[in-house]
Number of protein chains: 2
Amino acid sequence: MTLTAKGLATRQRIVDAAARLIQDNGAADTSLDDVRAATATSKSQLFHYFPDGRADLLLAVAEHEAAQVLAAQQPWLDDLTTAVSWEKWRGAVMRHYVELGDRCPLGVLTAELGKTSPETREVVSTLYDTWESALARGTQAMGIERPLEVARSILVAIQGGVVMLRATGRVAYLETGLDLALTPLRKPE
Amino acid sequence: MTLTAKGLATRQRIVDAAARLIQDNGAADTSLDDVRAATATSKSQLFHYFPDGRADLLLAVAEHEAAQVLAAQQPWLDDLTTAVSWEKWRGAVMRHYVELGDRCPLGVLTAELGKTSPETREVVSTLYDTWESALARGTQAMGIERPLEVARSILVAIQGGVVMLRATGRVAYLETGLDLALTPLRKPE
DNA sequence: CCCTCGTTGGACGGCCTGGTCCAAACGGCG
DNA sequence: CGCCGTTTGGACCAGGCCGTCCAACGAGGG
């Protein structure tokens with residue numbers, strides 16, 4: 001299957017709309033017909049660009065969301081070398097998730113798409129890995145003890161805070177969780 | 001609607017089976033017919049014991065799972081007064097979730113059931129509240145700084161670790177997250 | 001200019017789903 | 001023993017869903 005520029009654009013439009021619908025209504029309540037209606041496309045186009053149908057589309061959405069998660073942290077994520085840059089990154093993360101509320105890609109990814117297929121599971125795992133690596137580069141640059149564990153615990157705090165934000169609408173979990181997870185980086189060495 | 005002992009038993013059987021099915025296949029992939037088949041009941045029984053149908057059943061399952069989460073931590077949760085008792089509790093929590101893997105009630109609750117209705121959302125919120133209160137009693141008894149924040153961050157670490165366990169099958173997130181979240185309780189005061 | 005291949009339209013079928021409904025079986029209590 | 005409400009069985013319906021299929025459209029290259 002080769003795609004022209006026009007085809008690629010259509011495909012992207014479908015993925016975007018599907019992602020939005022899933023954020024709003026959940027993956028279970030998002031039918032191919034909903035996507036079709038939201039994008040003003042036809043059934044045949046959905047299966048033309050996503051031959052395996054629904055599963056294919058969900059996978060594409062998962063990859064799209066995973067990319068969003070990392071993109072939202074750029075360029076701060078790549079320069080976590082000082083206490084100040086860590087705080088800036090933290091500010092960016094908080095701002096991002098407070099703004100998105102329960103529509104955040106990360107929450108959608110883990111809660112809605114994570115278990116739909118082995119492929120999406122893989123997407124989530126890879127996201128965690130690259131994210132954790134980036135954080136670990138930062139903690140190592142800071143010269144603290146147990147940098148790998150600290151990086152991992154920060155990731156866990158974010159994921160926990162986000163999923164709890166999704167479930168309750170309260171932002172306090174993410175706020176406190178991330179705050180305390182970052183304490184090792186604030187200590188005088 | 002009044003229920004006899006037999007009726008209550010049947011109802012409970014339905015809830016148990018539904019919970020199990022949802023743990024294994026997800027809420028979206030669990031139909032009333034599946035539940036019916038797994039419990040050797042008839043359609044009319046489902047709607048007899050859960051008049052609002054699917055929504056009612058899911059709510060009952062959510063409450064069931066929420067109770068499970070707290071029950072699994074008893075009696076350790078009510079006696080977090082020393083560093084030793086905290087470690088015992090931690091051991092119990094880890095054992096529990098490692099054993100259950102991705103079938104843990106907490107993960108199911110937040111990922112599958114949390115957003116199905118305002119009522120289930122409420123169940124999740126209340127679970128968080130009572131759980132956090134219990135942890136806060138412990139942190140306060142330990143006389144550490146910022147006990148409320150520490151209690152909350154512990155909760156966030158568990159929730160994050162569990163959801164990541166569900167998504168990836170890896171237990172390391174829960175392990176490290178919970179470990180580091182507990183550091184404030186290990187410091188000499 | 002036309003031929004080819006990507007693109008689009010939309011009807012159609014078969015399946016499964018949640019939910020309704022009526023009637024039979026059961027069991028305790030007077 | 002006979003009544004009555006709970007419990008149970010299962011047929012049935014309407015709607016929505018995914019996926020298939022065939023035919024028309026359009027643009028770009030030869």
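Note: hydrogens, waters and symmetry copies are ignored here, and every other heavy atom, side chains too, is used. Just so we're on the same page: letters track the sequence lines, and every chain starts at 1.
Under the 4.5 Å side-chain contact rule for hydrophobic residues, A:V163 and B:V171 share a cluster.
Here the CZ-CG distance, from B:R90 to B:L80, works out to 13.5 Å after rounding to the nearest 0.5 Å. Rounding to the nearest 0.5 Å places NE2 of A:H64 at 11.5 Å from CG of A:L57. One finds the CZ atom of B:R186 at 6.5 Å from the OG1 atom of B:T183 (value rounded to the nearest 0.5 Å).
When the C1' atom of C:dG9 is taken as reference, atom CG of A:L46 falls 12 Å away, rounded to whole Å. Spacing between atom CZ of A:F50 and atom P of D:dC18 amounts to 14 Å, rounded to whole angstrom units. With rounding to whole Å, A:F47 atom CZ is found 19 Å from C:dG6 atom C1'. Taking atom CZ of residue A:R54 and atom P of nucleotide D:dT20, one finds them 15 Å apart after rounding to whole Å. B:R11 has its CZ atom 16 Å from the P atom of D:dT6, to the nearest Å.
Contacts between residues 22-38 of chain B and DNA chain D, counted as heavy-atom distances below 4.0 Å, involve no residue at all.
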What pairs of nitrogen or oxygen atoms, one from the protein and one from nucleotides 8-12 of chain D, lie under 3.5 Å apart?
from: D:dT8; atom 1: OP1; to: B:T10; atom 2: OG1; distance (Å): 3.4
from: D:dT8; atom 1: OP2; to: B:T10; atom 2: OG1; distance (Å): 3.4
from: D:dT8; atom 1: OP2; to: B:Q45; atom 2: OE1; distance (Å): 3.0
from: D:dT8; atom 1: OP2; to: B:Y49; atom 2: OH; distance (Å): 2.9
from: D:dT8; atom 1: O5'; to: B:Q45; atom 2: OE1; distance (Å): 3.2
from: D:dG9; atom 1: OP2; to: B:Q45; atom 2: NE2; distance (Å): 2.4
from: D:dG9; atom 1: N7; to: B:S42; atom 2: OG; distance (Å): 3.3
from: D:dG9; atom 1: N7; to: B:S44; atom 2: OG; distance (Å): 2.4
from: D:dG9; atom 1: O6; to: B:S44; atom 2: OG; distance (Å): 3.3
from: D:dG10; atom 1: O6; to: B:S44; atom 2: N; distance (Å): 3.1

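Salt-bridge check for B:R20 with B:D16: failed, with every basic side-chain N at 4.0 Å or more from each acidic carboxylate O.
Between B:T4 and C:dG27, a side-chain N or O to OP1/OP2 separation shorter than 4.0 Å is absent.
Side-chain N/O atoms of B:Q159 and A:Y173 include no donor and acceptor closer than 3.5 Å. For A:D179 and A:T176, the side-chain atoms include no donor-acceptor pair closer than 3.5 Å.
Between A:R170 and B:S125 the shortest heavy-atom distance is NH2-CB, 3.5 Å.
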